[in-house]
Amino acid sequence: MNGILDGPQTVAVTRGDGIESVHRVAWCVVDDSGRVIEGAGTLDVPVFLRSAAKPFIAAAIVASGAARRFGFDGREIAVMTGSHNGESFHIAAVQSMLDKIGLSEDALRCGPHLPYDDASAQSMLQAGQRPRAIHNNCSGKHAGILAFAAMLGAPIESYLDRNNPAQEEILSFCARVCGVDRSRLTLGVDGCGIPVFAVPLPAGATAFARLATLNNLNDADAQAMRIVRDAMIAYPEYVGGTGEFDTALMRAAGGTVVAKSGAEGVHGMAAIARGAGALLKTIDGNGRAVPPAAMDLARRAKLVYSASLDNLDAFAKPQVRNRGGRVVGRIESLPATDATPYDLLESQARALLDGESDLIANAANIAALAYDEIPDINWAGFYFMGEDGTLVLGPFGGKPACTRLAPGRGVCGAAAARGETLVVDDVRAFADHIACDSASRSEIVVPLFGDGHVRGVLDIDSPSVGRFNETDRRGIEALARAFSEAAYG
């Protein structure tokens with residue numbers, strides 16, 4: 001394998017008031033054609049997807065007809081995708097699969113380990129029981145591959161081998177959904193014994209984008225991906241379990257995202273509402289950095305609506321505790337260092353405005369541009385001044401907002417009345433703030449001028465406190481100025 005993976009400093013581990021360690025993370029977001037929408041770090045170095053590939057392995061099994069032949073239900077399909085905790089319901093689902101195939105637990109060759117779920121592990125130890133292969137977090141995937149091999153008439157005892165027909169079909173399926181030639185897969189052996197493949201981050205993210213949209217797939221692959229996607233959304237507890245990040249994220253997102261982690265700090269997301277896929281990898285392989293990095297990426301790239309993430313602080317900023325249980329630090333995302341390229345953004349805005357005089361069309365394009373390109377925001381749009389001084393909602397991106405703002409009311413009204421840009425670091429400390437979106441924490445409002453009069457405002461909100469600095473102020477003022485020049489001369 002050629003090339004060394006690298007990425008920006010993304011996640012910090014703090015102790016007291018100091019930063020003790022820093023994790024670098026490479027990541028990208030793509031559409032279902034494989035076009036990179038945004039990313040950071042080296043994107044051309046193959047990365048082993050590890051368990052993040054399980055949704056596609058499960059889809060290959062479904063596409064083969066094995067899940068239908070053996071009558072696997074949604075929970076069993078979900079546990080095939082899972083790195084499960086070994087809770088009783090996980091074990092019951094895997095045992096049910098083996099019973100339907102007509103195999104005993106002895107057929108599983110994934111190796112034993114104690115359940116990841118502490119309560120389940122303690123219960124086993126207290127009962128004097130030893131862990132078995134069915135307790136392995138990958139046992140659902142292995143049961144699924146056994147079903148595939150059985151359906152094909154392939155040797156059951158060699159189902160782990162790369163040249164087993166079931167494994168060959170799985171690798172071919174994974175290559176297709178990643179949009180790469182099968183010969184380009186870098187292969188190795190996973191921790192549970194099956195063949196594991198590596199592809200560059202954009203290729204892996206493409207598979208997640210296609211899981212989100214079901215586009216750029218043949219009909220059989222798309223139908224299989226839909227079945228797997230729907231099972232993961234319906235039964236997220238079978239993908240991880242109690243206290244697991246993927247389960248919590250999918251529940252919070254309410255069916256708008258499918259998430260799957262893998263060993264060595266890999267995490268993928270299929271953003272259904274956004275129509276995109278994301279894949280990240282911690283450079284040092286440390287999994288503790290994954291939830292904060294994934295949460296930050298989901299918010300900044302708008303993969304998940306910000307309000308859906310509000311109750312996941314335990315994953316966004318996990319606590320560091322000492323042996324006595326005292327909280328001594330946190331694991332959290334560092335402030336983004338990739339400042340918005342406002343010069344380029346202004347050029348794009350002027351290109352969109354060139355030759356067009358319709359106010360609504362121009363406002364719609366600028367709102368969409370700002371909402372899509374400025375990171376860590378949850379609303380961007382316009383309010384236009386009515387004859388009585390009321391600000392009336394115009395085109396915007398984000399959650400539905402207040403339709404009319406009385407003269408002088410809120411941050412927008414104050415900016416319009418003063419005729420100057422207002423930057424509010426914490427809207428909850430602004431006495432007259434009008435909360436259209438409870439997730440908003442900071443705000444910038446820039447007046448629009450025409451013929452020396454305020455004609456409206458450009459309003460941008462963020463779910464982060466203190467999001468907008470002087471660079472943002474100048475850049476967003478340039479966007480507002482470009483719009484005003486096209487609209488009002």
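Looking only at distances, a side-chain donor or acceptor of R229 sits under 3.5 Å from a matching main-chain atom of A212. Counting only distance, with no hydrogens or angles, the side chain of N218 and the backbone of D221 share a donor-acceptor pair below 3.5 Å. A donor-acceptor pair under 3.5 Å is formed between the side chain of T206 and the backbone N or O of P202. T10 contributes a side-chain N or O that, together with a main-chain N or O of P8, makes up a donor-acceptor pair within less than 3.5 Å. Judged by distance alone, with hydrogens and angles left aside, the side-chain atoms of S21 form no donor-acceptor pair with the main-chain N or O of V13 at under 3.5 Å. T42 contributes a side-chain N or O that, together with a main-chain N or O of D6, makes up a donor-acceptor pair within less than 3.5 Å. Remark: the backbone N or O of N469 is paired with a side-chain donor or acceptor of D472 at under 3.5 angstrom.
Looking at N85, N137, T242 one by one, the single match for side chain to side chain donor-acceptor pair (under 3.5 Å) with Y116 turns out to be N137.
In the displayed structure, R182 atom CZ is contacted under 6.0 Å by more than 12 heavy atoms of other residues, nucleotides or ligands. Surrounding CG of D310 are more than 12 heavy atoms belonging to other residues, nucleotides or ligands, all under 6.0 Å away.
Residues S96 and E76 bring a donor and an acceptor atom of their side chains to less than 3.5 Å of each other. For K141 and T81, the side-chain atoms include no donor-acceptor pair closer than 3.5 Å. If you check the side chains of Q223 and D219, you find no donor sitting under 3.5 Å from an acceptor. For the residue pair H267 and T282, no side-chain donor N or O sits within less than 3.5 Å of a side-chain acceptor on the partner. For the residue pair D32 and T213, a side-chain donor N or O sits within less than 3.5 Å of a side-chain acceptor on the partner.
Outside the 6.0 Å centre-distance limit, the rings of F148 and Y159 are not counted as a close aromatic pair. Residues F89 and Y238 place their aromatic rings such that the two centres sit under 6.0 Å apart.
In this structure, the side chains of I194 and Q167 come closer than 4.5 Å at one or more pairs of heavy atoms.
A distance of 13.5 Å separates CD in E443 from CZ in R467, rounded to the nearest 0.5 Å. Here the CG atom belonging to N378 is positioned 11.0 Å from the CD1 atom belonging to I460, to the nearest 0.5 angstrom. Here the CG-CG distance, from L309 to L249, works out to 7.0 Å after rounding to the nearest 0.5 Å. The CG atom of L334 lies 5.5 Å from the CD1 atom of I19; values are rounded to the nearest 0.5 Å. The CG atom of L152 sits 11.5 Å away from atom CD of E168, with the distance rounded to the nearest 0.5 Å. The line from SG of C192 to NE2 of H142 is 3.0 Å long, rounded to the nearest 0.5 Å.
Annotation: cation-pi geometry not satisfied between K100 and F72 (NZ/CZ under 6.0 angstrom from ring centroid, within 45° of ring axis).
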Trace of the salt bridge (Lys or Arg N to Asp or Glu O under 4.0 Å) decision for D313 with K317: CA-CA 6 Å; D313 279 353; K317 297 180 180 181; over 6 Å; no

Intermediate values then yes/no, salt bridge (Lys or Arg N to Asp or Glu O under 4.0 Å), R441 and D426: CA-CA 5 Å; R441 292 300 306 275; D426 187 349; 3.2 Å; yes

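Annotation: salt bridge (Lys or Arg N to Asp or Glu O under 4.0 Å) contacts involving residues 319-330, sequence neighbours excluded, are absent.
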